[in-house]
**Student:** 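Structure in structure tokens, see below.
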Amino acid sequence: MNIVDEIKKIKEKKNAIILAHNYQLPEIQDIADFVGDSLELAKKATEIKQASLIVFCGVRFMAETAKILNPEKKVLLPAFDAGCLLADMAKVEDVMKLKEKNPGVPVVSYVNTSAEVKAISDVCCTSANAPKVVKNIPSDRVIFLPDKNLGYFVQKHVPEKQLILWDGYCFVHRQFTIQDLKSAREKHPDAEIIVHPECDPEIQDGADYVLSTSGMLKRAAQSQAKKFIIGTEEGLIHRLKTENPDKEFFSLGAARICFNMKKTTLEKLKECLEKETNEIVLSNEIIRKARSALEEMIKYA
Ligand code: 13P
Ligand code: SF4
């Protein structure tokens, strides 16, 4: 039996479900029960009634989000050291200091934050719903963290609110350059250029669309264009190609890789599932408070 069949067999026996983020390796996406962006995966986690075990192929903050929304279930993270450098940029003590400096101003945290930071936030958001969440919050001023570029995108769409931005960024998305944009336009003048809101402001301003990973998938399926230049982590291109075999997809410049997203391998997934190791454990208090911020997100979005 090959490793894929072995994983499927253990999964069935244990009544487990495998969730994978759009940036995971192709073989991990192919074996998952559900592949999606962080919002879709968070929602999916709440809809899974039948499975008692969730194996999360992604990075830590995503698995923590699944645990927060499913406290009664066991959530495993096969690549236990897979963190997010952006999430690591917002530390609880620094967020507390900013809150103290701005009393009464609500904190909106991107899901790319630790469970502890979510627990001291008022509302969460994802790249798919951030402008809507900020727009609907009943406050003129909002602390927005940790991604400054996503903050720029939100501010552009919600000019009536004053955003206090955190100085965080995603090292993967910051690698796209103006030169990448120029070369792509010259080489593929008929292509649509779609970038993630974690890209720098000038990249967002020069693109045709600024969308979350799920937004990119929707746009590619609906558009009349046959060619697309994609400004996000290269893992999404596998899904775009699989779902749109008649269309062409190219990375904006060289393929940009999130090494943490590539830490999940079939071997690690099998071992984790078999031995039920790498469990995400959070205190009841953190779960309760972080869950409130996630529920507020669903309310405002
Ligand atoms: P999405 O919310 O679009 O899935 O993005 C998550 C992420 O980590 C982007 O780098
Ligand atoms: Fe974090 Fe960037 Fe990797 Fe997304 S791509 S998980 S934001 S480091």
Side-chain angles (χ1 to χ4, degrees), residues 19-25 28-29 32 34-45 56-66 69 77-90 108-115 117-118 124-133 144-154 166-176 194-200 203-204 207 209-220 230-240 251-252 254-264 294 297-298 301:
L19 300 180
H21 187 265
N22 288 325
Y23 296 161
Q24 289 288 291
L25 289 168
I28 301 293
Q29 295 193 29
F34 188 79
V35 184
D37 74 356
S38 28
L39 174 64
E40 290 169 329
L41 294 172
K43 276 192 192 152
K44 198 72 197 170
F56 205 107
C57 302
V59 296
R60 176 167 289 268
F61 78 81
M62 296 178 178
E64 284 182 350
T65 306
L69 296 171
L77 178 64
F80 211 52
D81 60 341
C84 164
L85 300 187
L86 169 61
D88 292 345
M89 286 178 190
V108 178
S109 286
Y110 190 23
V111 278
N112 298 41
T113 44
S114 67
V117 167
K118 286 185 180 74
C124 284
C125 72
T126 72
S127 54
N129 65 22
K132 209 165 176 187
V133 166
F144 189 88
L145 58 91
D147 191 73
K148 207 175 185 173
N149 290 342
L150 179 61
Y152 167 82
F153 176 73
V154 173
W166 196 262
D167 198 13
Y169 61 88
C170 164
F171 78 99
V172 180
H173 289 87
R174 276 197 73 185
Q175 290 173 39
F176 297 107
I194 314 177
V195 305
H196 196 276
E198 285 173 18
C199 292
D200 283 343
I203 306 298
Q204 296 186 31
Y209 295 92
V210 184
L211 296 166
S212 68
T213 53
S214 60
M216 290 182 183
L217 285 154
K218 276 187 209 125
R219 176 69 208 159
I230 303 297
T232 194
E233 209 276 346
E234 60 93 43
L236 186 75
I237 294 182
H238 170 70
R239 216 182 135 188
L240 284 163
S251 175
L252 177 61
R256 285 0 195 265
I257 294 164
C258 175
F259 65 92
N260 275 310
M261 280 285 181
K262 308 304 186 204
K263 285 181 177 168
T264 320
L294 285 162
M297 165 179 89
I298 292 162

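First listed ligand is number 1; within each ligand, the first listed atom is number 1. The residues of the chain are indexed from 1 along the displayed sequence.
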**Student:** Using non-hydrogen atoms of the residue, decide whether E198 is closer than 4.0 angstrom to ligand 2.
**Tutor:**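 Yes, that is the case, since the closest heavy atom of the residue is under 4.0 Å from the ligand.
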
**Student:** Check whether any side-chain heavy atom of H173 sits under 4.5 Å from a side-chain heavy atom of N149, and report yes or no.
**Tutor:** no

**Student:** Who pairs with L25 by side chain to side chain contact (heavy atoms under 4.5 Å, CB included), at least two apart in sequence or on another chain?
**Tutor:** E27, I28, K262

**Student:** Under a 3.5 Å cutoff, is there a donor and acceptor pairing between the side chains of Y209 and R219?
**Tutor:**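 On atom types as modelled, these side chains qualify, holding a pair under 3.5 Å.
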
**Student:** More than 12 heavy atoms of other residues, nucleotides or ligands under 6.0 Å from CZ of F153: is that the case?
**Tutor:** yes

**Student:** In the structure I gave you, are the side-chain heavy atoms of L150 and F144 within less than 4.5 Å of one another anywhere?
**Tutor:** yes

**Student:** List, ordered by chain and residue number, the protein residues whose closest non-hydrogen atom lies under 4.0 Å from any atom of ligand 1.
**Tutor:**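 Residue list for ligand 1: H21, Y23, D37, S38, Y110, N112, S127, H173, H196, E198, S212, T213.
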
**Student:** If you leave out waters, which protein N, O or S atoms are less than 2.8 Å from atom 1 (Fe) of ligand 2?
**Tutor:** C84 SG

**Student:** Before giving the answer on side chain to side chain contact (heavy atoms under 4.5 Å, CB included), spell out for H196 and E233 the whole-Å C-alpha distance, their side-chain angles and the decisive distance to 0.1 Å.
**Tutor:** CA-CA 9 Å; H196 196 276; E233 209 276 346; over 6 Å; no

**Student:** Do P146 and T113 come within less than 4.5 Å of each other through their side chains, counting heavy atoms only?
**Tutor:**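 Counting from C-beta outward, P146 and T113 do come under 4.5 Å.
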
**Student:** Under the side chain to side chain contact (heavy atoms under 4.5 Å, CB included) test, which residues partner K263, sequence neighbours left out?
**Tutor:**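 For K263 the side chain to side chain contact (heavy atoms under 4.5 Å, CB included) partners, ignoring immediate neighbours, are A79, D81, A82, F259, N260, K268.
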
**Student:** Does T232 form a side chain to side chain contact (heavy atoms under 4.5 Å, CB included) with N22? I'd like the steps, not just the answer.
**Tutor:** CA-CA 10 Å; T232 194; N22 288 325; over 6 Å; no

**Student:** Is a donor from one side chain sitting under 3.5 angstrom from an acceptor on the other, for T213 and Y23?
**Tutor:**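 No, no side-chain donor-acceptor contact under 3.5 Å.
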
